[in-house]
Q: 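Pasting in a structure now, in structure tokens, and then I'll have a few things to ask.
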Amino acid sequence: MPGIKYEDFLDLDYDPADSELVCWFHVEPAADMDMESAASRVASESSNGTWAELQVEGSVTDLSATAFEIDGNTVGVAYPDELFEDGNMAQVLSCIAGNILGMKAVERIRLNDCEWPEKLATSFPGPQFGTDVRNEIFDAGDRPITATVPKPKVGLSTDQHAQIGYEAWTGGIDLLKDDENLTDQTFNPFEDRLAESLARRDQAEEETGEPKSYLVNITADANTMLDRADAVSEQGCEYVMVDVVTTGWAAVQTVRERCEELGLAIHAHRAMHAAFDRVPNHGVSMRTIAQVARLCGVDHIHTGTADLGKLENEDTVGINEWLYSDLYGMNDVLPMASGGLHPGLVPELMDRCGNNIGIQAGGGVHGHPDGTHAGAKALRQAIDATMEGVPLTEYADDNPELATALDKWGTDTPR
């Protein structure tokens, strides 16, 4: 449009329309910028502005974003719906978390939160199952479902991996899980691991009378992930796992389409998320990453341990609440707590996060002095005790696996 300038992107009296995507940023202006100048440049660069004043011939659609609120270092920006391509998360993120993160006009900038309008949000599929996996797949009732990663997470042979899975499943674990860097390596090939693990899964189901499943990592290029999803379905598994950040959201959307055809749930590993969210005043928050994951259609995602585990966490509880929230009828997402958990932390974890979660413990299962089977039993016993309102030390009187775990780890948070 003729004569567009930075100041045209700032209107502190503006009231965003319901149809607009509203984003909330933490902004620290560059030394030679005031907040209003920086905010106007955020809105400009993330929509249809540029550094030079434009003189455009003819009519141009007005797709300008508006910086409408400044409160300290918090800036609200409203984006017109027409700016976005429906159902294209890569394009949306290129707008709201693209060039603006590298602008010289800001010393630091962080996308903290989004308010998604109905038209844009519902152009994405959302989760196929969400928290319903607890009962549709596992008949878990009100308790959290459980998962474990064989340790060490890479280096085990296929036979070792499947055997550890069997020991965990028969000890009471619901889900065996690959970790983020196990895909199709020579020491443990994907197809062999899938077949052998599911054979032991079937044996564990027969012995325990409980449904079990496997979060097998299909992460690769998009075409290979589709082939692997097909193989997972053919082998009778209910899940795939995808490293959603390193894979990219466009690939996640492609996998989501195939998984709906196959009836598979998607477990989202968030490896690399901290490259975006760990620095508190720059990047993209885990809250926003979780929102994007829900829209793109994952059924589980790791959201931290509410500061109880070994990893840095943001607002785990607040993120979980958003994942459960009503979003135009879209299915919710099951938050997975993982990273340095062991049986002694279960009561506090459930007190902070509730029961509608998954609890994943790796070292806290396999590091049990009596081995994986005992470690799995101890984790399940800790959950059962918490569900029954019985202190762990009391429950341990009749459950030696839990007693041994408490003797080893107590209720301390590892580092």
Q: Side chain to side chain contact (heavy atoms under 4.5 Å, CB included) for C237 and V232? Distances and angles first, verdict last.
A: CA-CA 6 Å; C237 190; V232 168; 3.5 Å; yes
Q: Between V106 and I100, what is the shortest heavy-atom contact and its length?
A: CG2-O, 4.0 Å
Q: Just wondering, are more than 12 heavy atoms of other shown residues or ligands nearer than 6.0 Å to CD in E206?
A: no
Q: Within the side chain of Q128, is there an N or O that forms a donor-acceptor pair under 3.5 Å with the backbone of L264?
A: yes
Q: For the residue pair Q253 and E257, confirm or rule out a side-chain donor-acceptor distance under 3.5 Å.
A: no
Q: NZ of K212: more than 12 outside heavy atoms within 6.0 angstrom?
A: yes
Q: Ion pair present between R193 and D184, side-chain N to carboxylate O less than 4.0 angstrom?
A: no
Q: Do the charged groups of R352 and E348 touch, with an N to O distance under 4.0 Å?
A: yes
Q: Considering only NZ, NE, NH1 and NH2 on the basic side and carboxylate oxygens on the acidic side, decide whether D86 and K119 come within less than 4.0 Å.
A: yes
Q: Does a side-chain N-to-carboxylate-O contact under 4.0 Å join D179 and K151?
A: yes
Q: Could you verify whether a donor N or O on one side chain and an acceptor N or O on the other, from E85 and N88, lie under 3.5 Å apart?
A: yes
Q: With no hydrogens and no angle check, just 3.5 Å: does a side-chain donor-acceptor pair link W24 and E69?
A: no
Q: Does E191, at its CD atom, have more than 12 non-hydrogen atoms belonging to other residues, nucleotides or ligands within less than 6.0 Å?
A: no
Q: Does the side chain of Q235 pick up a donor-acceptor pair with the side chain of Y214 at under 3.5 Å?
A: no
Q: Are the charged groups of R270 and D277 less than 4.0 angstrom apart, N to O?
A: no
Q: Give a yes or no on this: more than 12 heavy atoms of other residues, nucleotides or ligands lie within 6.0 Å of atom CG of D18.
A: no
Q: Are there more than 12 heavy atoms of other residues, nucleotides or ligands under 6.0 Å from atom CG of D142?
A: no
Q: Ring centroid separation for H302 and H267, is it under 6.0 angstrom?
A: yes
Q: Between W116 and Y79 (judged by ring centroids, cut-off 6.0 Å), do the two rings come close enough to count as a pair?
A: no
Q: Can you confirm whether the side chains of D71 and T74 place a donor and an acceptor under 3.5 Å from each other?
A: no
Q: Any side-chain donor-acceptor pair under 3.5 Å between T404 and H368?
A: no
Q: When you look at I96 and S46, which way does the side chain to side chain contact (heavy atoms under 4.5 Å, CB included) test go after all the steps?
A: CA-CA 6 Å; I96 64 174; S46 56; 5.7 Å; no
Q: Apply salt bridge (Lys or Arg N to Asp or Glu O under 4.0 Å) to residues R200 and E196 and explain how you reach the verdict.
A: CA-CA 6 Å; R200 301 308 301 273; E196 291 193 29; over 6 Å; no
Q: Working note: L176 + Y166, criterion side chain to side chain contact (heavy atoms under 4.5 Å, CB included); need CA distance, chi angles, decisive distance, verdict.
A: CA-CA 9 Å; L176 181 67; Y166 169 77; over 6 Å; no
